[in-house]
Each structure stands twice: as structure tokens, then as C-alpha cells.
Protein chains: 4
Amino acid sequence: MIFASDNWAGASDAVMAALTRHNSGFAPAYGNDPLTEAVTQRFCDLFEREVAVFFVATGTAANSLALSAYAKPGGTIFCHAESHVAVDECGAPEFFSGGAKLVALAGPHGKFSPKSLSAALARHDSGDVHHGQPVAVTISQATEAGTIYSPEEIRAIKEVAASRGLPLHMDGARFANALAHLDISPAEMTWKAGVDVLSFGATKNGCWCAEAVVFFNPQDAAQFGYLRMRGGQNLSKNRFAAAQFEGYLADGHWLDLARHANAMASRLADGIHVSESGRLAIAPQANEVFAVFSSEKIAALRAAGAVMHEWPSDGLEAGESMVRLVASFRTSREDVDAFLALL
Amino acid sequence: MIFASDNWAGASDAVMAALTRHNSGFAPAYGNDPLTEAVTQRFCDLFEREVAVFFVATGTAANSLALSAYAKPGGTIFCHAESHVAVDECGAPEFFSGGAKLVALAGPHGKFSPKSLSAALARHDSGDVHHGQPVAVTISQATEAGTIYSPEEIRAIKEVAASRGLPLHMDGARFANALAHLDISPAEMTWKAGVDVLSFGATKNGCWCAEAVVFFNPQDAAQFGYLRMRGGQNLSKNRFAAAQFEGYLADGHWLDLARHANAMASRLADGIHVSESGRLAIAPQANEVFAVFSSEKIAALRAAGAVMHEWPSDGLEAGESMVRLVASFRTSREDVDAFLALL
Amino acid sequence: MIFASDNWAGASDAVMAALTRHNSGFAPAYGNDPLTEAVTQRFCDLFEREVAVFFVATGTAANSLALSAYAKPGGTIFCHAESHVAVDECGAPEFFSGGAKLVALAGPHGKFSPKSLSAALARHDSGDVHHGQPVAVTISQATEAGTIYSPEEIRAIKEVAASRGLPLHMDGARFANALAHLDISPAEMTWKAGVDVLSFGATKNGCWCAEAVVFFNPQDAAQFGYLRMRGGQNLSKNRFAAAQFEGYLADGHWLDLARHANAMASRLADGIHVSESGRLAIAPQANEVFAVFSSEKIAALRAAGAVMHEWPSDGLEAGESMVRLVASFRTSREDVDAFLALL
Amino acid sequence: MIFASDNWAGASDAVMAALTRHNSGFAPAYGNDPLTEAVTQRFCDLFEREVAVFFVATGTAANSLALSAYAKPGGTIFCHAESHVAVDECGAPEFFSGGAKLVALAGPHGKFSPKSLSAALARHDSGDVHHGQPVAVTISQATEAGTIYSPEEIRAIKEVAASRGLPLHMDGARFANALAHLDISPAEMTWKAGVDVLSFGATKNGCWCAEAVVFFNPQDAAQFGYLRMRGGQNLSKNRFAAAQFEGYLADGHWLDLARHANAMASRLADGIHVSESGRLAIAPQANEVFAVFSSEKIAALRAAGAVMHEWPSDGLEAGESMVRLVASFRTSREDVDAFLALL
């Protein structure tokens with residue numbers, strides 16, 4: 001009963017098979033190989049426009065390098081207070097951008113509103129060099145709270161960003177989970193809603209080590225080859241990333257994986273909701289469930305084999321804790337039901 | 001006839017099999033899994049002492065992060081003028097160290113002498129803040145010229161470094177090739193000769209994406225977990241790197257691969273040496289051959305299917321160029337002989 | 001009626017005289033001169049202990065370099081949300097520290113409580129590399145809201161910091177104003193209350209360009225000479241800073257200047273308090289007054305010659321604005337009374 | 001007999017008088033004052049075109065920030081091996097540029113040739129991200145060896161730089177000394193010869209603390225306000241710098257000061273040349289004299305009161321050392337003659 005994180009699973013069989021399939025012979029290094037070219041074209045098809053695609057090894061690198069493409073001296077980046085870039089990347093966005101300041105916006109359930117963005121930007125409005133200069137806005141989709149922005153919500157955030165000339169970045173560490181939930185096209189969830197650059201995560205949802213930075217305005221990527229190389233992220237055997245993406249994206253495999261993870265999370269949530277021993281903290285929309293139990297219950301679940309992380313939360317009653325339960329492509333219905341049977 | 005680079009090959013069958021073998025079930029992320037623990041122990045056994053081991057995704061990251069562990073403000077790092085850190089990493093060592101200056105030392109065949117190091121250090125001797133402060137010395141083993149430092153040569157360099165209290169870093173992108181040539185133990189080629197920190201490369205010699213930073217004095221790694229995370233190199237599914245290393249290091253597989261590559265390079269060199277249409281620029285010791293041909297000959301070789309890079313060189317005659325021929329674990333005797341037949 | 005900022009005044013006559021007095025002959029550059037040595041000793045006497053003192057050109061440099069002396073990868077620095085380091089230094093603290101994250105703490109009137117610091121630190125408590133590592137706590141004295149921490153309040157903050165092994169930095173851009181108000185010794189307001197490093201500002205209170213970083217534990221300054229030089233802050237004619245400090249610190253001149261500025265601010269505040277056309281937003285303790293007026297009143301004051309900045313504020317009624325009025329050593333009673341007469 | 005450095009002198013009387021003259025009343029901070037505006041116009045007149053001018057506190061800051069205005073990821077900057085930016089700034093250019101690599105060019109007497117620049121650029125010619133990207137060329141005028149580039153030499157260097165689209169920076173720490181020697185206009189020595197950005201040094205030649213970064217293409221300075229503020233170089237009482245420049249530039253005062261310093265250096269050189277106890281290492285053109293004496297002679301000169309630095313030099317005979325003798329605006333004929341009398 002492993003619900004610790006979706007990165008506790010390995011690679012899906014199809015991804016593994018693609019990796020094996022492309023492991024013969026020789027291919028030019030550093031992405032100058034035919035497979036990388038083909039997968040790049042696959043991304044263009046997927047997003048229904050020309051995109052510039054760069055593979056990197058981690059989601060932290062994807063986010064940090066993507067944001068650094070828009071860095072300026074004294075730059076400020078607007079993000080959610082609980083976002084991965086703000087609290088889980090050890091200052092990598094600050095480091096790669098030469099010291100940008102991340103301005104943390106509050107908001108329930110991992111999402112901030114256009115209004116709170118607008119208010120924060122108003123505090124950075126002077127053109128006075130003392131206050132630095134806004135350079136980007138970033139959202140996570142799905143959010144770190146397991147919720148999802150609708151395309152309309154994304155567009156509303158972009159409108160505020162655009163009023164200040166700012167690009168919108170999307171941290172898509174769980175892009176597939178969000179897309180499977182919304183059941184819209186990749187284009188609709190990104191550039192058609194105003195996203196300029198995307199961290200397209202595939203590792204959590206069935207790859208070993210496959211993250212892509214996708215620029216919807218390829219001219220924004222003019223310096224990105226240098227940024228990536230200087231950042232130690234130019235994979236020499238780049239086809240190993242390309243092969244994973246080929247297997248991942250073929251025949252809707254990636255969305256099948258995400259739908260399964262979402263369904264398992266949904267099943268978990270439903271079971272918790274009807275149980276008498278806990279309650280949902282947030283209505284889940286992707287593959288993460290945040291639930292509140294008594295500390296005794298959590299101990300009992302763990303004793304019975306459940307693996308899950310406790311999560312900080314305000315507004316709990318004494319003796320309660322919040323846990324995060326994450327489902328992945330590899331989570332089985334049996335494990336979910338075994339967990340629910342313990343409630 | 002692919003002699004462009006050893007990173008044009010994919011992964012060896014044994015490495016691929018290890019990766020497949022460990023792709024089931026769940027394992028803790030970020031290196032807290034049993035396989036990573038076992039492979040870490042494997043490194044300790046290999047080097048006959050306790051070491052601190054950190055996996056990263058690229059050789060550039062390994063070098064840059066390893067050196068950054070010793071960074072100080074105004075730091076200077078002493079390296080060979082043709083070393084990978086100096087000319088092939090897009091300033092990553094400078095970037096990750098917060099702006100260190102790489103002091104380039106000349107020397108024939110990719111190696112610098114203790115004397116030239118000593119002379120350079122003498123120019124940085126004042127304790128005057130204007131001149132910054134030496135923080136590290138780095139050598140490549142095998143070198144970028146396909147040559148190899150003997151343990152005695154390494155020890156002599158370390159003696160100069162130690163006289164200034166400086167650690168010695170080894171860029172082991174082709175560590176196995178050097179070790180196979182010298183036929184000594186990993187300990188003898190590293191810490192017993194004075195190496196403090198090693199970039200242990202496995203990607204070029206049969207892995208997909210597997211590099212390790214090995215600290216021989218684990219206390220030097222006190223901040224390295226943070227440096228790696230901030231550097232975007234903390235692999236979430238870390239076992240995918242561990243699995244590659246497991247397959248790579250098992251039963252001497254890595255040295256078998258390196259011996260084959262070295263043998264193929266040696267065969268190439270011998271054939272060129274006896275041919276009438278070219279000459280060796282440097283006597284090869286690892287898996288790289290630098291040879292001089294007429295431009296016409298190079299064109300003819302390429303037309304016949306040979307893939308290889310031209311390399312900058314001083315002291316050529318008009319109409320000549322130098323090429324680099326790299327053999328890998330996957331280079332076949334047939335390809336070597338076909339190439340030689342063209343001479 | 002200039003109340004825009006205390007840095008609109010030039011240098012005091014005594015400071016100017018000292019600068020002129022020391023402008024003859026030759027003196028070693030970069031602080032190796034007898035005057036710098038004498039002024040350094042003056043700092044030791046002033047603080048009743050051995051201190052390490054470094055002159056720099058701006059308060060932003062003093063703060064950023066002081067904090068960078070404690071930088072580590074993924075470092076987090078805890079400060080007030082309205083502090084100069086957080087909102088008025090264009091990301092310099094982030095830049096000089098290699099990308100530290102400033103964690104903004106809320107709190108009324110420019111001060112944060114030990115409790116809010118404790119709560120924020122608890123969110124950075126894991127030892128998990130993802131969250132980075134706390135490296136310093138910083139307070140401003142006087143604060144940017146014109147208020148002052150008591151020594152007991154400073155000590156309480158330091159106790160929380162010390163429980164995590166963190167140094168306490170004090171931004172003393174208006175150090176003299178705070179000290180004059182509290183009427184205690186420099187030692188009592190700093191290291192005796194737990195301060196480890198101080199940005200000792202003299203520019204705002206009567207110098208041209210004189211800021212000092214004062215380390216109360218000189219061993220913390222081991223790398224500071226390099227940090228300052230690399231930061232472009234090693235003044236070649238360092239005696240020009242030393243001379244200003246000599247004039248500034250002689251015979252209590254600096255506290256006379258500050259007492260005057262504080263008294264003028266107090267007179268302004270009293271007049272506003274009893275007037276019918278505005279109200280004090282914060283009870284002033286140093287040389288800054290924050291007052292709320294109707295927009296019409298502000299326009300009228302300006303039309304009559306008053307120079308002052310509007311300041312962001314929550315909780316105003318429609319048609320109101322908050323202004324900041326700053327008194328300096330040069331502010332005259334006549335100007336204050338002329339301003340009050342307009343109310 | 002102080003010949004240690006030109007920064008051992010204080011400020012000239014005229015500069016000091018200007019500083020005193022402008023020390024009354026109030027003036028807007030951070031350069032928004034009328035005096036700064038007037039001095040900016042003075043720079044435009046001086047250079048016979050619109051320029052963007054920014055004051056900073058040190059020459060190291062001027063150089064580092066000027067170069068950082070052209071920084072790109074993986075950037076390489078081409079400079080002389082003995083230049084101040086390369087060996088005397090503690091890595092500040094690397095730090096402020098986010099890790100640029102300074103490529104050191106050799107050349108006799110502190111100058112590099114267009115040919116050596118061309119050869120170095122050819123090694124950075126590939127467009128391959130591994131090698132980074134050239135971003136700027138920098139020369140010192142006068143050089144650190146006391147020599148001077150002619151306008152034709154500057155133009156020839158710029159032609160090579162321009163062939164790669166690179167800006168040319170001039171480190172003018174001793175700008176006045178060079179200009180006085182060449183006896184041409186400031187425009188002829190800078191933008192008319194191809195200089196894009198200048199570190200205009202005034203500190204060494206008679207100011208306390210006055211350095212300016214001058215952009216001849218103001219659009220290059222678009223981000224410079226932020227770079228300077230983030231770099232801790234935005235002087236709050238900016239008029240103190242402006243006042244120094246006003247006094248410095250008025251009525252040709254600056255060139256009078258430089259002509260005196262140059263004449264004293266020339267007198268020193270002539271005396272050494274005809275003496276029997278030493279020899280000139282380089283024919284001086286500005287205010288620095290490099291001379292070789294026996295170690296015994298140097299000891300004797302010092303015992304008699306001469307203050308001077310030894311300087312590293314190749315090609316000395318045993319028992320010899322090279323010293324640097326620097327004349328400043330304050331160097332007296334008496335001191336020069338007293339020194340010469342000792343020879």
C-alpha cells in the first residue's frame with residue numbers, strides 16, 4: 001500500500017520497451033539524432049504548433065531553467081506559496097536565475113486567483129530599481145494540492161500577467177493527470193489558455209527520467225541551449241530521453257497511465273469520504289488525495305503497511321494530522337481497497 | 001564506421017538488463033531505496049574505503065558540482081588548458097561555483113606537469129584579496145588527448161596542490177578506460193595517489209545516464225546534498241541510476257567494456273601507424289586516437305562512411321587536419337578493419 | 001519642507017571637516033592606512049569588544065555582503081515582509097548569496113515576533129534537501145516603519161534563531177536613530193542582545209558615503225575580505241570612508257545628529273496627532289513618521305512645498321493615502337512648524 | 001617618496017572644494033538631483049554625443065557591471081592576461097556576469113594584438129553550446145603595464161570584435177593619463193575608435209571615490225539601472241559622486257592632474273634610463289614606470305624612504321627584481337629628484 005509519491009514507481013512497460021528498442025547501434029550525441037528529431041516533431045503535433053523542446057533530467061531543472069530563460073537582474077517571479085518552485089526545490093529557481101525573488105501568493109487548495117496576482121503586481125509597480133522587476137508568473141498544473149486550474153482560470157491569470165508583459169510558465173510535473181481530468185487537448189490547456197513555457201513532466205507518470213521544457217514561442221528559447229548546457233542538463237545520450245518520450249506518448253499511453261492514477265485516487269477519496277474514520281481535506285481532481293485522520297488512525301494504517309507522508313496543514317484539531325496519498329500508474333485497485341478496508 | 005564519440009553508443013546489454021530487472025514494484029524516491037544503498041556499498045568496496053557517493057545526470061554536472069563543493073569567493077581552479085572543464089562545459093564550473101576562475105595550464109598531450117602547476121600557484125601566492133584564492137586542482141583521467149597520468153604523476157601533482165592545502169579533483173569521464181590501461185586498482189588510481197573527489201563517469205562506457213561524484217573524504221560532502229538538489233540533479237527515481245551502476249560494476253563488466261574500447265583504439269592506432277596515408281599525433285593510451293591526415297584523405301574516409309570529428313591542432317602542415325577517432329564498448333573489429341582498409 | 005528621505009541631506013559639517021582634514025599626503029590604499037586602523041579601534045571601543053569592521057559604499061551592499069558571509073546552498077533567510085532587504089534592494093541579498101531565499105514574515109509596524117519566526121522555521125525543519133536550509137535571521141533597527149525593537153525583543157528573537165543555530169543580522173541603516181531613542185549602549189543594542197553581525201549605517205545620518213559591516217565574532221569574517229573584493233566594494237581610497245567615520249563618531253556627534261532628527265520627527269508626529277486634518281498610522285520611535293491624510297490634503301501640502309513619499313498601506317478608507325515623513329539631521333524646526341501650520 | 005600606487009593620494013583641492021560646495025541643503029537621492037543631471041550632460045558634451053552615465057564606487061564594480069551588461073549564459077570575455085579584470089579583481093567580473101569565462105590573451109607590454117584576439121576567437125567559433133559564446137572584448141587604457149593603445153590599434157581590435165558582433169569595453173582606470181599622453185579628444189579615444197562602453201576612472205587621478213560607467217550606445221544600458229542596484233552600487237547620496245566629477249572635469253582640471261602625473265613618471269623614467277643602477281623594463285607612456293634593479297639596490301632605496309611594489313616579471317637575471325613606480329597628481333618633483341639622486 002504505497003501512497004508515498006508517484007515517483008516511487010519505476011517506468012511503465014511500454015516506456016521500458018521503447019528504451020530497449022532504441023538501444024542498438026550508434027546515434028549522434030546531444031540530441032542531434034533522428035529519434036530526438038522525431039520526438040520533437042511528436043511534440044509539435046501534440047501541441048498543434050511549432051514548439052521548441054529541450055529534454056532535461058529533473059523537474060526541478062525543468063522549472064528552474066524554464067524560468068531562467070526570462071530572467072533579468074532584480075527579477076521577481078510570482079508563484080503560489082505552496083508551489084514546488086517555492087518550497088521544494090532548494091532554491092534552484094533562485095540559483096539558476098541569478099538570484100530572482102519568488103513572490104509567494106496565498107490561495108486555497110494550491111491555487112492563486114487573478115486578483116491576488118494583480119494585488120501582488122501592484123506592489124511591484126513602480127519602475128523603481130529598488131523594487132526589482134517582475135519577469136514571470138508560474139502556476140502548477142495539477143497543483144501541489146491535487147487540484148486543477150480550468151482553462152478559463154489559466155486564461156484569467158494570463159490576462160493579468162500579460163497586462164504587465166509577463167510570460168506564464170506552467171509546472172506540469174503532473175501534466176498528464178491534469179489533462180486526463182479536464183479531458184481537453186494539450187493545446188487547450190497550455191498555449192491556447194496563455195501558457196508560454198511548460199515543464200512537461202513524464203517521470204512521475206511512467207518514465208524513468210524524462211522531463212521536457214516546451215517553449216510555445218520558440219524565439220523565447222534563443223539562449224536556452226546555452227542555459228541548459230551551462231546548467232549541466234545537456235544529456236549526452238539524449239536518445240535515452242527521446243526513447244522514453246516516444247514510448248510514453250505513443251497511442252495515448254501517457255493518458256491511459258494518468259487516467260488510471262486519477263481513478264485510483266478517486267477511489268481512495270470516495271472510500272475515505274464515506275468512511276467514518278477520516279475526512280477529505282481537499283476534493284481531489286488529479287492523483288493526490290489529502291485526508292485528515294486521527295494520529296492513532298495514521299499509526300494503525302502504517303502498522304498495517306500503508307506508506308504515506310504527513311503534510312503540514314493549518315486548521316487541524318488536536319490529535320489530527322493530514323496525510324497525502326498519491327496514486328500512480330502502478331497503484332493497484334487491490335492496494336486501494338486494502339487501504340480502505342482498514343478505515 | 002562510427003568513431004565520432006563514445007557517447008554515440010547506447011547502453012550495454014548488461015546495463016540494460018539491470019535496468020529492466022529493477023523496474024518492478026515501488027522504491028523510495030531520491031536515493032532512499034535499498035538498491036541505492038547497496039550500490040553505495042559497492043562503491044565503498046570498489047575503492048576499499050568509506051566514500052560518499054552521489055549520482056547525477058551528466059559529466060558536466062559531476063565536475064561542476066564536485067568543484068563547487070570546494071568553492072570560496074574569488075576562488076581559482078587550476079586545470080589543463082584543453083580540459084573538458086575549461087573548454088567543453090559552457091562555463092558550468094564557473095556557474096555552479098558562483099564565479100570561480102579556471103586557470104588554464106599548458107602542457108603536451110593533455111597533461112600538465114607539477115612544475116607548471118607550481119609556477120601558476122606562485123602567481124596566486126599573495127594572500128592579497130585582489131588575486132582571489134586557489135581552491136582546487138583538477139585533472140582528467142584519461143585526459144582529453146587520450147593519454148593517462150601514472151599514479152606517480154598524480155601523486156606529484158597532489159604534492160604541489162597539498163603544499164597549498166588544495167584538494168585534487170579527477171574528471172573520470174573515461175575512468176574505466178584509464179584504469180583498464182594502467183591495470184591497477186581504483187584505489188591506487190585515486191585516493192592512494194592523492195585524489196580527493198572523483199567524477200566517476202559511466203555513461204560513455206556503457207550506461208545510458210549514470211555519473212557519480214565520489215568523495216574520498218566524506219566530510220567534504222557535508223553540503224553536497226544541498227548543492228546537488230539546488231543544481232537540479234537530485235534524480236527522483238534515483239534507482240534508475242543505481243540499477244545502471246549495479247549492472248555496470250557487476251563481475252568486472254565495466255572493465256571488460258573499457259578493455260574492448262581500448263583494444264579497438266589500439267588496433268586503429270597500429271593500423272594508422274603502419275599506413276602510408278596518415279600519422280598519429282599522440283600515442284594513444286585509452287580509447288581515443290588523434291591522427292593527422294590530408295584533407296583529401298579525410299574527405300575520402302567520410303565519403304566511405306567514416307564518422308569522426310576534426311580537432312584543433314597547432315603545428316600542422318598546409319593541407320593537413322587532425323581528427324579524433326573514439327572507440328567505444330560497441331565498436332566492432334569489423335568497423336576498425338574496414339576503416340584501416342581505406343588507408 | 002523636505003521630508004522625502006534622510007538621504008536627501010548631504011554630510012554634516014563635522015563629517016565634511018574630517019574628510020577635509022585627512023585629505024593631505026599619502027596613505028596606503030585598501031584600508032592598510034593608520035586612519036583606518038584607528039577608526040577600527042574606535043569601533044572596538046564603541047562596542048566594548050573586539051570586532052571585525054569592513055567599510056562598504058552602500059547599505060544594500062552592507063546587508064547583502066553581511067548575509068552572504070553566512071550563505072549555504074539552498075539557504076533561507078528570515079526577514080520582515082516589509083524590510084529593506086526584502087523589498088528595496090532589487091534582489092541584491094539573493095544575488096550576493098548565490099540565490100538565497102528570503103522568507104518574509106508578517107508582523108505589525110515593521111516588526112516580527114519570536115513566535116512568527118518560530119512558526120516559519122518549523123516549516124523549514126526537515127533536514128530534507130528539498131526545503132533548503134535556514135542560514136540567518138535579519139531584523140532592521142530602527143525598522144522601516146519607524147519603530148524600534150527593545151533589547152528584550154531582540155534577545156527573544158535571537159533565542160529562537162539560536163535554537164536552530166542561526167546568526168542574527170541587524171540592518172542598522174538607522175542605527176543611530178534607534179540607539180538615541182533607546183538611550184542604551186551600542187553593545188546593549190547589539191551583541192549583548194544576540195546580534196552577530198551589523199550593517200552600521202552612517203550615510204543617512206550625516207555622512208556622504210559611509211557604511212560598515214561589523215562582525216561581533218571576528219571568525220565569522222574569515223572570508224569577508226574576499227566577499228567584499230569580489231563584490232566590488234573594496235574602496236581603494238578607504239581612508240575617505242574612515243575619515244567620515246572618524247568625524248561621525250567623535251564626541252558623540254552621531255548621536256547628536258540622530259537625536260535632532262528624532263526630535264524633529266517627534267515634533268511632526270505631535271503636531272499631526274493634535275491636528276484635525278490627519279492621523280498617525282504608527283506611533284513613531286525614530287525619525288520616520290507615517291501619517292494618513294486625505295488625498296486633497298496631500299495635494300495641498302505638496303502645492304505648499306512639502307516633499308514626501310506616499311507609502312502603500314492596507315486598511316485605508318476611500319480618499320485617504322498614507323505618507324512617510326522622514327526627518328534628518330538637517331531638518332529644521334522652521335520647516336516642521338511650517339508643515340504643521342498647513343494642517 | 002611614495003610611488004606605491006596612484007590611489008595612495010587623496011582628492012585634489014579642486015575636487016574637495018566641489019564636494020564642499022555642493023554639501024548644502026537637500027537634493028533628491030539616487031541620482032534624481034539637478035547636479036547629477038548637469039554632470040551627465042557634461043559627460044555628453046565631453047564625448048560629443050549622447051551617452052548613458054552611471055556612477056559607481058569602485059573600478060572593479062565599474063568593470064564588472066559594464067561587462068555584465070553584455071552577459072549571456074556560457075559567455076566568454078577576451079582580455080589581456082595581465083589585465084586588472086583578469087588578475088586583480090578577485091573574480092568580480094565572473095561573479096557579476098553569472099560565471100563568464102575570461103579568456104586571457106598574451107601580448108607584450110600589457111597589450112594584445114588583433115591577431116591574437118582573432119586566433120582566440122577562432123577557437124570559440126563553433127556555435128556549439130559546449131564552448132559557450134563570446135560576449136565581449138575588453139582592453140585597458142592606459143594598460144596595466146603603463147603603455148597606451150593608439151586609436152588605430154583600438155580600431156583594429158574593434159574590427160576583429162565586430163566581425164563577431166562583440167562589443168568593446170575599455171577599462172579606463174587611468175583614462176586621463178592615456179588621454180593626456182595621446183593628446184586627442186575623449187571621443188577619438190573611445191567611440192570613434194570603436195569603444196562601446198567605458199569604465200571612466202577618476203579615483204586614481206584626484207577624486208575620493210568616483211567611477212563612472214559610460215555607455216556610448218545608451219540602449220545597451222537598458223538593464224543597467226537594475227544591474228547597478230542589484231550590485232549594491234546605487235549610491236543614495238549620488239550627488240557626492242556628481243560633485244567630485246564636476247570639480248574633476250571643470251576647466252580641464254582632470255587633464256592637468258594627469259599631465260602632471262605623466263610628467264613625473266617621465267622624469268622618473270628618464271632618470272632611471274641614464275642612471276647606472278637600473279634599467280627600464282618598458283618604455284612608459286602614462287604614469288607608471290616599470291624598472292629593474294638589483295635586490296640590493298631595491299633594499300637601499302626602501303631604506304632611504306622609497307615606497308614601491310615589486311612586480312612579477314619573466315626574464316630577469318638572478319639577483320634582479322622588477323618594481324613598479326607610480327606617479328600621481330600629488331607626486332612632487334622633489335620626491336622624484338630625491339629618488340633619482342639615490343640611484
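None of these values were measured; they are calculated from a predicted model. Chain letters run A, B, ... following the sequence lines, proteins first, then strands; residues in each count from 1.
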Using every non-hydrogen atom in the two residues, find where [X] and [Y] come nearest and quote the distance to one decimal.
X: C:Asn23; Y: D:Arg330; answer: O-NH2, 3.2 Å
X: D:Asn7; Y: C:Ala29; answer: OD1-CB, 3.0 Å
X: D:Met229; Y: C:Glu89; answer: CE-CA, 3.8 Å
X: C:Gly232; Y: D:Ala61; answer: O-CB, 3.8 Å

Output the option from [options] having the highest count of non-hydrogen pairs under 4.5 Å with chain C.
options: D:Ser24, D:Ala92, D:Gly91, D:Ala27; result: D:Ala27
options: D:Ser64, D:Ala11, D:Gly10, D:Pro28; result: D:Pro28
options: D:Gly25, D:Ser5, D:Ala4; result: D:Gly25

Take D:Gln233 and C:Thr58 through the side-chain contact (heavy atoms from CB on, under 4.5 Å) test and state the conclusion after the steps.
CA-CA 7 Å; D:Gln233 293 284 344; C:Thr58 69; 5.8 Å; no
What part of C:Asn63 gets within 4.5 angstrom of chain D, counting heavy atoms only: side chain, backbone, both, or neither?
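Contact with chain D: none, neither part.
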Does a sphere of radius 6.0 Å around CD in D:Glu310 hold more than 12 heavy atoms from other residues, nucleotides or ligands, not counting ones at 6.0 Å or beyond?
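Check passes, neighbour count above 12.
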Whether over 12 other heavy atoms sit under 6.0 Å from C:Arg333 CZ:
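Open: at most 12 neighbouring heavy atoms sit under 6.0 Å from CZ of C:Arg333.
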Would you please indicate yes or no on a ring centroid separation below 6.0 angstrom for C:Phe26 and D:Phe3?
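No; C:Phe26 has its ring centre 6.0 Å or more from that of D:Phe3.
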According to the interplanar angle, ranging from 0 to 90°, do the rings of D:Phe95 and C:Phe95 count as parallel (below 30°), tilted (30 to 60°) or perpendicular (above 60°)?
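Ring orientation, 0 to 90° scale: tilted.
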Using non-hydrogen atoms and a 4.5 Å limit, figure out which bit of [X] sits close to chain C: side chain, backbone, both or neither.
X: D:Asp33; result: neither
X: D:Asn32; result: neither
X: D:Leu65; result: neither
X: D:Tyr30; result: side chain

Intermediate values then yes/no, side-chain contact (heavy atoms from CB on, under 4.5 Å), C:Thr60 and D:Arg230
CA-CA 8 Å; C:Thr60 292; D:Arg230 186 184 68 169; over 6 Å; no
Where the side chain of D:Lys237 meets the backbone of C:Ala9, is there a donor-acceptor pair that is under 3.5 Å apart?
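Judged by distance alone, yes, a pair lies under 3.5 Å.
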State the OG-CD distance between C:Ser236 and D:Glu211, to the nearest 0.5 angstrom.
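Here the rounded value is 7.0 Å.
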Would you please go through residues 202-209 of chain C and name the residues with a non-hydrogen atom below 4.5 Å from one of chain D, in numerical order?
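C:Thr203, C:Lys204, C:Gly206, C:Cys207, C:Trp208, C:Cys209, listed by number.
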